[in-house]
Enquirer: 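Before we start, here is the structure in question, set down as structure tokens.
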Amino acid sequence: MTNHEIAKILFEMAALWDMLGVEFKPRSYEKAAEGVEGHGDSLTEAYKKNGIKGLLEVPGVGKGIAGHIEELLKTGHYKEYEELKKKIPVDISNLMRVQGLGPKNIKTLWEKLEIRNLDDLERAAKAQKIRALRQFGQKSEEKILRGIEFLKQSGGRQLLGVLLPEIRDLEKRITSFPEVERAAFAGSARRRKETVGDIDLLAVSSKPEAVVDRFLALPEIDHVYGKGPTKINVRLKNGVDADLRIVPAESFGAALCYFTGSKDHNIKLREIAIKKGLKLNEYGLFKGNKRVSGRTEDELYRTLGLSYVEPELRESAGEIEAAREGRLPDLVGYEDLKGDLQVQTNWTDGEDTIEAMVDAAERYGLQYIAITDHTKSLAMTGGADEAKLLKQMAAIDQINRKLRKQKRNFRVLKGAEVNIQKDGSLDIADEVLGKLDVVGVAVHSHFNLTREEQTRRVLRAIENPNADIFFHPTARSIQRREPIALDMDEVIRAAKRAGTVLEIDSLPDRLDLKDEYIRRCVESGVRMCIDSDSHSVSHFQYLELGIGQARRGWATKKDIVNTLPVDEFLSSLKGSPQRRRE
DNA sequence: GCCGTTTTCGGCCCGACTGTTTTCAGTCG
């Protein structure tokens, strides 16, 4: 059973308790579901290894829910859930996805109209049966139909890398309104989560109504869900929802914090406020009616007795405690990278020449890149064999000579993205690998091996003395392909033993390693690198996403090898300098 | 049902907005 499947049942339980009017339980189940969903390790495995103790390690899961999960894993059944489902046999998870429908309304729709799923809901709404219900009306009915339509069209979250440019564009346009002093985007995009559900925007103005009017006039807006004097909620033509909130300058910090989230982080801040006899909301931190803080986030955190928490850390994952004790990490910065260690060119499946990639990387502010074209067993990309690699090395030597002559402070490293074969061996001869500056190894096939087989295969590759970096370790593709089944703790231990660097691949749909594994590497002292995996000159911009992910994993500059200047970087690789002789 | 630098019992964030209501429940973030 996957974590996702377990989490789904717990989410449904939360809704079911809500329908029954039970207090506090819903929130507990919800929190447990979130904990399970976000847990990197399979609970099935954790339970096999450590029994109920393994389950209790998940945040939000206590004795009660751990017992239910155990029952589910052991017997495939969960009695209480099945009984509640018998009482209210509806497709809760899908119905909850309709904007404006929550547990209470779903219960009413089931009791009065026997609506069980989205199809029933759509039929009833189209037949105008819903408007006749108490507490519903024509507008609710129309809203439900729009919600169903929206689900059919887009359905869910989009990749951060896809939305970020559009979010920044909106931010810029709002900033340019004459009544606006300043504007900022917040929400999960500011926390650099890998996917974004909707766009949260914040503006400072003393004329909020005028800002609302100007925002409404933007051509991007498709539909207005709701608007008030300081708040507006719309759907954009690109299919994404956006919220704009307008606050006075003295509330900007508090509003930015509130709007950035995460929700759990905010709740913890508010609890700290309560304990200090204060009240925290989006307008500021208050003692009675007196605002004591809130103009900037920095000030707000300090008043609460905390050091400033970077947005990427605000996931209620220990950052509050660390902020209280002054032991937050000094995160790797967005300007800290000096090199990029995974770059493809038109020698295989990249679009551009080595020279073009060099120019683009230099413009981006880098000092070195490794050219890492695919190798031969990845035939569809025109992967290089030994002879082609040797030829490319000669070409790179020539480019470096030219760069030196032009007095450019830039170096091209000879590398490859070497394919890991099914048995964990590499598809290029050791003798040639030994001539490269940087050897990356990667999984591009046999994604469906068992966890034991896959882990064994990957360990063999990591332990290969020629393998400097393990590229995109879990081979996931967000919203498209599941990660390969790996015992990540084993992988991290092996990387530590062998001195192999683990990569954070920055492509919008990879972001692999993901935040949770990055944090484990940081804790284990395993070094990582942040690469763009560029296949064209425009892809270096994605490095920002990888850096964001690294920050979400609490990584500092010293955890990331390509923050080093080129010579220091090269001599930090395993086996060097013996293996590499110029 | 969870959780703990005020607690192993007694709490559990806070406000905006909608739609249906004549004062508020439900949803959302």
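Protein chains get the first letters and strands the later ones, always in sequence-line order, with residue 1 at the start of each.
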Enquirer: Please give the distance between the C1' atoms of B:dC13 and B:dC28 as a whole number of Å.
Expert: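 Going atom to atom, C1' in each nucleotide, I get 14 Å.
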Enquirer: Among B:dG29, B:dC17, B:dC12, find the nucleotide with the atom closest to the side chain of A:Lys231.
Expert: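 The closest nucleotide is B:dC17.
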Enquirer: Distance between the C1' atoms of B:dA16 and B:dC9, in whole angstroms?
Expert: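 After rounding to an integer number of Å, I get 34 Å for this pair.
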Enquirer: Once you apply a heavy-atom cut-off of 4.0 Å, does A:Lys227 come out as touching a base, just sugar-phosphate, or nothing?
Expert: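 Here A:Lys227 touches the backbone only, sparing every base.
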Enquirer: Think A:Asn233 has a side-chain N or O under 4.0 angstrom from the OP1 or OP2 of B:dC28?
Expert: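 The answer is no; no side-chain N or O of A:Asn233 sits under 4.0 Å from OP1 or OP2.
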Enquirer: Base, sugar-phosphate, or nothing: which does A:Leu280 touch, judged by heavy atoms less than 4.0 Å apart?
Expert: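 Sugar-phosphate, no base atom in range.
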Enquirer: Does A:Ser140 have a side-chain nitrogen or oxygen under 4.0 Å from the phosphate oxygens OP1 or OP2 of B:dT20?
Expert: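 Yes.
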Enquirer: Between atom CG in A:Asp264 and atom P in B:dC3, what is the gap in whole Å?
Expert: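 Nearest whole value for this atom pair: 12 Å.
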Enquirer: Would you say the side-chain atoms of A:Asp243 pair up with the backbone N or O of A:Lys231, donor to acceptor, closer than 3.5 Å?
Expert: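 Looks like no, no N/O pair under 3.5 Å.
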Enquirer: Rounding to an integer number of angstrom, what distance separates B:dC12 and B:dT7 when you compare their C1' atoms?
Expert: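 The answer is 13 Å between these two C1' atoms.
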Enquirer: For nucleotides B:dT8 and B:dG15, find the distance between their P atoms and express it as a whole number of Å.
Expert: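 It comes out at 29 Å once rounded to the nearest Å.
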Enquirer: On DNA chain B, does the nearest nucleotide to A:Gln99 precede the nearest nucleotide to A:Lys279 from the 5' side, or the other way round? Give the residue.
Expert: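 Result of the comparison: A:Lys279.
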Enquirer: For B:dT21, does the O4'-C1'-N9-C4 (purine) or O4'-C1'-N1-C2 (pyrimidine) torsion place it in syn, i.e. within 90° of 0, or in anti?
Expert: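 Anti, angle beyond 90° from zero.
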Enquirer: Does A:Phe24 stack onto the base of B:dC12, taking stacking as ring centres under 5.5 Å apart and planes under 30° apart?
Expert: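 Aromatic stack with B:dC12 present for A:Phe24.
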Enquirer: Once you apply a heavy-atom cut-off of 4.0 Å, does A:Lys139 come out as touching a base, just sugar-phosphate, or nothing?
Expert: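 Sugar-phosphate contact only - A:Lys139 comes under 4.0 Å of backbone atoms but never of a base.
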Enquirer: Does the side chain of A:Asn50 pick up a donor-acceptor pair with the side chain of A:Glu57 at under 3.5 Å?
Expert: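 No, no side-chain donor-acceptor contact under 3.5 Å.
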Enquirer: Classify the ring geometry of A:Tyr301 against A:Tyr308: parallel below 30°, tilted from 30° to 60°, perpendicular beyond 60°.
Expert: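 The rings of A:Tyr301 and A:Tyr308 stand perpendicular, inter-plane angle above 60°.
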Enquirer: Looking only at side-chain N and O atoms, does A:Asn266 come under 4.0 Å of OP1 or OP2 in B:dC13?
Expert: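 Answer is no, no contact under 4.0 Å.
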Enquirer: Nearest nucleotide by nearest heavy atom, which residue falls closer to the 5' end of DNA chain B, A:Lys275 or A:Val98?
Expert: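 With A:Val98 and A:Lys275 compared, the 5'-side residue is A:Lys275.
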Enquirer: Counting only heavy atoms not in A:Lys237, do more than 12 sit closer than 6.0 Å to its NZ atom?
Expert: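 Yes, enclosed.
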Enquirer: Would you mind classifying the nucleic acid contact of A:Lys63 as base, sugar-phosphate or nothing, using non-hydrogen atoms under 4.0 angstrom?
Expert: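 Result for A:Lys63 = sugar-phosphate.
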Enquirer: I need the CZ-P distance between A:Arg134 and B:dG26, as an integer number of Å.
Expert: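 Those two atoms, CZ and P, are 12 Å apart.
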Enquirer: In whole angstrom, give me the gap between the P atoms of B:dT21 and B:dG26.
Expert: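 The answer is 14 Å between these two P atoms.
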Enquirer: Would you please test A:Asp120 and A:Arg123 for salt bridge (charged side-chain N to carboxylate O under 4.0 Å, His left out) and show each step?
Expert: CA-CA 5 Å; A:Asp120 293 346; A:Arg123 259 195 305 275; 2.9 Å; yes
Enquirer: Roughly how far apart, to the nearest Å, are B:dC17 and B:dT22 at atom P?
Expert: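 It works out to 22 Å between them.
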Enquirer: Reckon A:Pro103 touches a base, only the sugar-phosphate, or nothing at all at heavy-atom distances under 4.0 Å?
Expert: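 Sugar-phosphate, backbone atoms only, no base.
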Enquirer: Have a look at A:Arg324 and say if it touches a base, only the backbone sugar-phosphate, or nothing, with a 4.0 Å heavy-atom cut-off.
Expert: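 Result for A:Arg324 = nothing.
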Enquirer: Would one find more than 12 heavy atoms of other residues, nucleotides or ligands at under 6.0 Å from atom CD of A:Glu114?
Expert: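 No, not enclosed.
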Enquirer: Expressed in whole Å, how much space separates the C1' atoms belonging to B:dG11 and B:dT6?
Expert: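 After rounding to an integer number of Å, I get 13 Å for this pair.
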Enquirer: Starting at atom CZ of A:Arg97, determine the distance to atom C1' of B:dG29, rounded to an integer number of angstrom.
Expert: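 Whole-Å distance recorded here is 18 Å.
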Enquirer: Please check the phosphate of B:dA16 (OP1 and OP2 only) for any side-chain N or O of A:Tyr258 closer than 4.0 Å.
Expert: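 Result: no.
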Enquirer: Do you see a donor-acceptor pair shorter than 3.5 Å between the side chains of A:Asp509 and A:Ser477?
Expert: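 The criterion, which ignores hydrogens and geometry beyond distance, is satisfied for A:Ser477 and A:Asp509.
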Enquirer: Name the nucleic acid region contacted by A:Gly60, choosing base, sugar-phosphate or nothing; use a 4.0 angstrom heavy-atom cut-off, strictly under.
Expert: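 Result for A:Gly60 = sugar-phosphate.
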Enquirer: Taking atom C1' in both B:dG10 and B:dG19, compute the distance separating them and give it to the nearest angstrom.
Expert: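 Looking at atom C1' only, B:dG10 and B:dG19 are 36 Å apart.
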Enquirer: NA contact type, A:Gln138, heavy-atom cut-off 4.0 Å: base, sugar-phosphate, or nothing?
Expert: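 Here A:Gln138 touches the backbone only, sparing every base.
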